[in-house]
Amino acid sequence: MGRATAAAIIPGLALLWASALGDAAPSPPRLRLSFQELQARHGLRTFRLERACCYDALLVDEERGRLFVGAENHVASLSLDNISKRTRKLAWTAPVEWREECNWAGKDIGTECMNFVKLLHIYNHTHLLACGTGAFHPTCVFVEVGHRLEEPTLRLDLRSQEDGKGKSPYDPRHRAASVLVGEELYSGVAADLMGRDFTIFRSLGRRPSLRTEPHDSRWLNEPKFVKVFWIPESENPEDDKIYFFFQELAVEAAAALGRLTVSRVGQICRNDVGGQRSLVNKWTTFLKARLVCSVPGVEGDTHFDQLQDVFLMPSRDRRSPLLYAAFSTSSGLFQGSAVCAYSMNDVRRAFLGPFAHKEGPMHQWVSYQGRVPYPRPGMCPSKTFGTFSSTKDFPDDVIQFARNHPLMYNPVLPVGGRPLFLQVGAGYTFTQIVADRVAAADGHYDVLFVGTDAGTVLKVISVPKGSRPSSQGLLLEELHVFEDSAAVTSMQISSKRHQLYVASRSAVAQISLHRCAAHGRACAECCLARDPYCAWDGAACTRFQPSAKRRFRRQDVRNGDPSTLCSGDAARATPQEQKVLGVEGGSAFLECQPRSLQARVNWTFQRAGEQARTQVPAEGRAERTVQGLLLRGLRRADSGVYLCVAVEQGFTQPLRRLALHVLSAAQAERLVRVEEVAPPAPPGPKLWYRDFLQLVEPGGGGGGPSSLRMCRPPPVPGPQPPAPRRKGRNRRTHASESRAERGPRSAAHW
Ligand SMILES: *[C@@H]1O[C@H](CO)[C@@H](O)[C@H](O)[C@H]1NC(C)=O
Ligand SMILES: *[C@@H]1O[C@H](CO)[C@@H](O)[C@H](O)[C@H]1NC(C)=O
Ligand SMILES: *[C@@H]1O[C@H](CO)[C@@H](O)[C@H](O)[C@H]1NC(C)=O
């Protein structure tokens, strides 16, 4: 066929892994905050049911101030302000007969034949719609939650219990993706026990149910549904569309490439009622396009092919939200995840572009070059674009074309042509994503919260890069919101309350979107953090209020450059000198650890009695560890001042000044004798003790023993760094504690 050969073959499906990313190292977060630290200092709250797992459904209800949670055999209602407070829960189990049937079908009675609540939607002013797996017998029910101003209620309306087929999955391992529009539920789900009949389904409401063509791999090919959104297309509600996000096996891939996963965006019209003579009670406006998230490389693109989650960031124009999508790879060669952003205009452009076409089994998929019937398949019957008032009036050639051409030829490419943020070889993959738009001093920023399969949440800000419309993601925080490391299965955000809700198999966690004090106590640290929620107020790093007077608030999200913003605070940042003792031939550990994991540490040395400052070599007797500098085989000439500075984004910040005094063996011996005669607080003048002070501090007595820091060899001498400091401990407290712990008495041991 002439016109088919002229068309191009579907491009970009030959996947080349890692050629562009082969050497990429995972980027460390600026701050890593442990579960214990988040709980003790940053208001992390958790919720857990007794003897129930799998918190799969989260629903934020701002009006009632409740967070509804769907879990194994339960629905719970929690306070949005504090999920540990005023919780209510109700049991919703599967009947014994269903559980027995489930067990006869070969499923596990204890882990599969339960009612796993998968779906929660606000139905009307008084009720929620809840659907669960019902022990492989999907079922839905209305839950009475009361009016907004009433005391929170939670009651199952069991009379309303009805079939949940096509709404909830059968299998607890499967996800439910759905949206409730008016009284109608649009869902993407497997609608049979075997998990083979995948469908995009409309149910409830008054109109007849509608679905995709069954068992037609051109329509759906073993899909995994991720999210469903209702997005208006014009001012006219007749043009409203429902968008489905999923991954599936690529029908368009050459057989030689095997089973290849691709990510998709699909569309249908809200006013679709199916065809008249064919496609009866099936969608007539279903189209799908490939969603690409890849890194361009010389030898080919590296594709993140597995769509994990999509977040719709609303914009003032309801027709044009921004879509943030999290992807992972199915590659056995490397572990990677990425976040790509998509504009609705690009999605619509793909649906207005050429259709993909396959002439017959022996042909390849190409761009369709023939005549497309009118009205163009994918357009909704409406007065905006045509004269048809119902899909039942569509001409037969339109219906036939729609049935045979659900796939578009052009893919949807991400904004900027590449991922906004990616992480390769980090030991985890992305599973969930939500975002918040924040007003900062220099404009608006989108902050992404990315859940991982290791039970952590990454806080990433999207910062404009150069003059192009593209952005890059900066990893601000890695939050360990769970005690264990179970994968994040669901995430919801309340922008109004500045709270994030995170669910896993084992718990639900609530955490604020910001923890400004965690960035540090210096202006430079606050500024380098580039957290759009935070600013330096002259005394501390605190929450930035865009309405407050800006003059006193210092923040630079775009560049994170503290050199101009924080110049007046330089004096405050200069660390006090601390003294450290060492003994000839022994070793000394000079502790210095920046809060930021993205900072590099630079050590310089000024020998006692000399002016010149030299860099401490990174080899030989000096060994750098994450916690500081380990000096071995000490010599008298190592005495002097060691300055530790953190270098981050080109900005240098002094952290510690440590004056090391290396004693000769004989001096150390005398010191031990001092210890014997002079216990911690010397009551009277002691000759040896005074001598010693003069030795350490030429020119005078100075403070008592409490101003001295004695230094033992580090706990684990050798190549390993010393045991990590407990995270987040106040440095000052730590210093005084260690002084107390180590005390002068311990000097006797070495
Ligand atoms: C949340 O509620 C629990 C239980 O009432 C309480 O112990 C906790 O202090 C509250 N947390 C916050 C941050 O209000
Ligand atoms: C909400 O829907 C439920 C279930 O159909 C119904 O019983 C209830 O009366 C409805 N409430 C309102 C306020 O319409
Ligand atoms: C460390 O500091 C010294 C002196 O300020 C400077 O010459 C050197 O380039 C710095 N090294 C690094 C790696 O930043």
Side-chain angles (χ1 to χ4, degrees), residues 33-50 55 58-70 75-90 92 117 119-132 139-164 167-168 178-185 202-207 209 457 479-483 492-494 496-503 507-518 533 542-543 728:
L33 299 170
S34 68
F35 175 78
Q36 288 75 14
E37 183 171 5
L38 287 172
Q39 206 174 35
R41 299 248 182 84
H42 304 294
L44 174 75
R45 277 145 275 174
T46 51
F47 169 78
R48 190 177 278 126
L49 289 161
E50 270 172 52
Y55 303 84
L58 292 183
L59 173 66
V60 167
D61 183 347
E62 294 279 8
E63 287 231 329
R64 294 183 189 83
R66 308 301 292 175
L67 176 74
F68 296 107
V69 179
V75 174
S77 164
L78 318 176
S79 161
L80 272 184
D81 296 315
N82 181 349
I83 63 168
S84 312
K85 195 180 77 179
R86 294 205 306 143
T87 65
R88 281 163 187 273
K89 58 175 194 267
L90 56 81
W92 179 27
V117 181
L119 175 160
L120 291 174
H121 289 295
I122 296 174
Y123 185 71
N124 62 20
H125 291 303
T126 52
H127 286 71
L128 303 184
L129 171 70
C131 300
T139 178
C140 294
V141 72
F142 287 110
V143 181
E144 193 188 335
V145 291
H147 279 285
R148 182 164 60 94
L149 299 171
E150 288 168 359
E151 180 61 14
T153 48
L154 192 67
R155 211 174 357 244
L156 270 191
D157 184 359
L158 281 172
R159 289 164 308 153
S160 68
Q161 186 144 326
E162 64 164 57
D163 190 7
K167 302 173 191 116
S168 164
S178 61
V179 67
L180 190 76
V181 183
E183 290 182 341
E184 293 176 321
L185 185 76
R202 182 172 67 204
S203 55
L204 306 176
R206 292 189 188 88
R207 296 188 282 184
S209 298
V457 174
L479 307 169
H480 292 249
V481 296
F482 296 118
E483 222 165 350
Q492 289 286 318
I493 191 170
S494 167
K496 197 168 134 194
R497 288 176 162 83
H498 294 288
Q499 299 293 315
L500 184 70
Y501 307 93
V502 192
V508 183
Q510 172 191 5
I511 185 83
S512 170
L513 303 181
H514 42 76
R515 295 145 279 287
C516 298
Y533 294 108
T542 53
R543 172 88 180 97

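Values in this document were obtained by computation on a predicted structure and should not be read as measured data. In listed order, ligands and their atoms are each counted from 1.
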*Kindly indicate whether atom 9 (O) of ligand 2 is approached by any protein heavy atom to under 4.0 angstrom.*
no

*asked:* Considering non-hydrogen atoms of the protein only, which is the closest contact for atom 4 (C) of ligand 2, and what is the distance?
replied: Phe142 CD1, 3.7 Å

*Taking all heavy atoms of Ala130 and all of Leu120, pick out the closest pair and write down the distance.*
CB-CD2, 3.6 Å

*asked:* Once you measure the plane-to-plane angle for His147 and His125, does it fall in the parallel (<30°), tilted (30-60°) or perpendicular (>60°) bin?
replied: parallel

*Below 4.0 angstrom, N of the basic side chain to O of the carboxylate: do Glu50 and Lys89 qualify?*
no

*Using atom types as modelled and distance alone, determine if a side-chain donor or acceptor of Arg515 lies under 3.5 Å from a backbone N or O of Leu38.*
no

_For atom 13 (C) of ligand 2, what is the closest protein heavy atom, and at what distance to 0.1 Å?_
Thr126 OG1, 3.7 Å

*Looking at Lys167 and Glu162, does any basic side-chain N land under 4.0 Å from a carboxylate oxygen?*
yes

_Heavy atom of the protein closest to atom 12 (C) of ligand 2 (residue, atom name, distance)_ = Asn124 ND2, 3.4 Å

_My understanding is that we take every heavy atom of each candidate and find the minimum distance to atom 1 (C) of ligand 1. Doing that for Ile83, Asp81, Asn82, Leu44, which one comes out nearest?_
Asn82

*asked:* Looking at non-hydrogen atoms alone, which of His127, Glu144, His125 comes nearest to atom 7 (O) of ligand 2?
replied: His127

*Atoms of ligand 2 less than 4.0 Å from Tyr123 heavy atoms?*
2 (O), 5 (O)

_Is there a polar contact, in the sense of an N or O pair closer than 3.5 Å, between His147 and ligand 2?_
no

_Atoms in ligand 1 with a heavy atom of Lys85 nearer than 4.0 Å_ = 2 (O), 5 (O)

*May I have the step-by-step check of side-chain hydrogen bond (donor to acceptor under 3.5 Å, both in side chains) for Arg86 and Ser79, ending in yes or no?*
CA-CA 6 Å; Arg86 294 205 306 143; Ser79 161; 5.3 Å; no

*May I ask you to decide if the ring planes of Phe47 and Tyr55 are parallel, tilted or perpendicular, using 30° and 60° as cut-offs?*
perpendicular

*Please state whether Gly43 comes within less than 4.0 angstrom of ligand 1, counting heavy atoms only.*
no

